[in-house]
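Computed from heavy atoms alone, side chains included, the values below leave out hydrogens, waters and symmetry copies.
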Amino acid sequence: GGRMRQRNRGSHLILMELMFVLFFFAVCGAVLLQVFVKSHNISVKAKELTETKNYVSQAAELFEAGYTDLKDYQQYFSKLKEKDGKYRGYFDKDWKMTEKKNAVYQMTIYFQDDGTDRQGNVIMYKGKKQIYHLKLLKHLPGGKNNERS
């Protein structure tokens with residue numbers, strides 16, 4: 001019965017090779033999956049940055065033009081609400097304006113005056129995390145500095 005033993009050894013080898021091939025494919029699959037996840041995350045981050053810059057720039061332009069009234073900002077950010085003297089707008093994962101309960105991103109706009117200058121702040125949050133903060137400064141006409149003594 002020497003021939004039987006040899007056939008067994010042959011099928012063992014085939015099994016080993018199959019397992020090796022499967023293992024190899026599993027490793028390749030895992031690596032590819034990571035590559036896809038990473039590239040997806042990169043594209044989400046890139047979109048995040050683009051959209052953030054668009055919205056923040058829009059708010060900054062209004063501030064530069066001297067607008068501080070909620071109504072002026074609502075022309076561009078329809079669902080902007082005021083709370084504690086800050087304007088807040090919410091965006092969903094596709095960057096459409098939405099209500100707070102569906103929000104992924106939040107934009108906060110607020111102003112501080114010290115008589116001569118007005119500081120504007122536009123901050124974008126993702127969840128609780130701040131992802132962008134733009135500080136703006138505008139000199140106020142008719143401030144204390146303009147008075148001749």
Side-chain angles (χ1 to χ4, degrees), residues 10-149:
S11 58
H12 271 307
L13 275 175
I14 288 172
L15 271 176
M16 290 291 287
E17 283 183 3
L18 263 177
M19 281 170 67
F20 182 74
V21 168
L22 284 174
F23 176 73
F24 181 72
F25 275 114
V27 170
C28 287
V31 168
L32 273 177
L33 192 65
Q34 279 185 315
V35 169
F36 280 125
V37 166
K38 213 169 226 145
S39 72
H40 173 73
N41 287 347
I42 287 171
S43 72
V44 166
K45 279 238 157 53
K47 185 170 168 58
E48 229 168 65
L49 202 61
T50 305
E51 297 290 351
T52 294
K53 280 164 84 170
N54 287 345
Y55 285 123
V56 170
S57 302
Q58 184 66 65
E61 279 171 31
L62 288 165
F63 176 81
E64 292 295 332
Y67 294 113
T68 51
D69 199 38
L70 182 63
K71 285 193 181 63
D72 299 312
Y73 287 82
Q74 280 172 338
Q75 287 180 21
Y76 297 92
F77 307 108
S78 54
K79 295 186 162 77
L80 206 61
K81 305 261 195 308
E82 183 177 353
K83 187 176 179 245
D84 322 320
K86 294 182 177 185
Y87 303 159
R88 291 194 172 91
Y90 301 96
F91 305 92
D92 64 16
K93 62 177 171 45
D94 301 316
W95 290 94
K96 306 267 181 295
M97 278 209 99
T98 183
E99 301 307 320
K100 185 176 183 175
K101 61 180 193 302
N102 309 322
V104 177
Y105 302 96
Q106 175 193 323
M107 182 173 68
T108 301
I109 304 168
Y110 64 95
F111 316 104
Q112 293 159 303
D113 286 5
D114 67 4
T116 55
D117 294 308
R118 171 174 295 141
Q119 190 185 325
N121 291 278
V122 189
I123 306 175
M124 190 69 79
Y125 297 92
K126 180 180 185 176
K128 296 252 177 287
K129 200 172 125 233
Q130 182 176 311
I131 56 176
Y132 201 89
H133 185 180
L134 184 63
K135 285 187 175 160
L136 301 156
L137 199 65
K138 191 172 173 57
H139 189 68
L140 296 176
K144 298 188 182 79
N145 294 357
N146 297 358
E147 292 169 11
R148 302 241 182 326
S149 47

Sequence-distant partners of [X], side chain to side chain donor-acceptor pair (under 3.5 Å), two or more places apart:
X   : value
D92 : none
R88 : none
Y73 : none
T98 : N102

Going by the side chain to side chain donor-acceptor pair (under 3.5 Å) test, which pairs reach into residues 20-43, not counting sequence neighbours?
-> none

Could you list the residues that satisfy side-chain contact (heavy atoms from CB on, under 4.5 Å) with [X], not counting sequence neighbours?
X    : value
T50  : N54
L137 : D117, Q119
E17  : none

Drop me the distance from [X]'s [atom1] to [Y]'s [atom2], to the nearest 0.5 angstrom.
X    : Y    : atom1 : atom2 : answer
I123 : L134 : CD1   : CG    : 10.0 Å
F111 : Y67  : CZ    : OH    : 12.5 Å
I131 : L49  : CD1   : CG    : 8.0 Å
R118 : Q112 : CZ    : CD    : 11.5 Å

Give every residue pair that meets the salt bridge (Lys or Arg N to Asp or Glu O under 4.0 Å) criterion with at least one member in [range], sequence neighbours excluded.
range            : value
residues 51-66   : K47-E51
residues 72-83   : K81-E99
residues 120-138 : E48-K126

F91: what forms a ring-ring contact (aromatic ring centres under 6.0 Å, His included) with it, not counting sequence neighbours?
-> Y55, W95

More than 12 non-hydrogen atoms from neighbouring residues, nucleotides or ligands closer than 6.0 Å to OH on Y110, yes or no?
->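 Atom OH in Y110 is packed in, count exceeds 12.
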
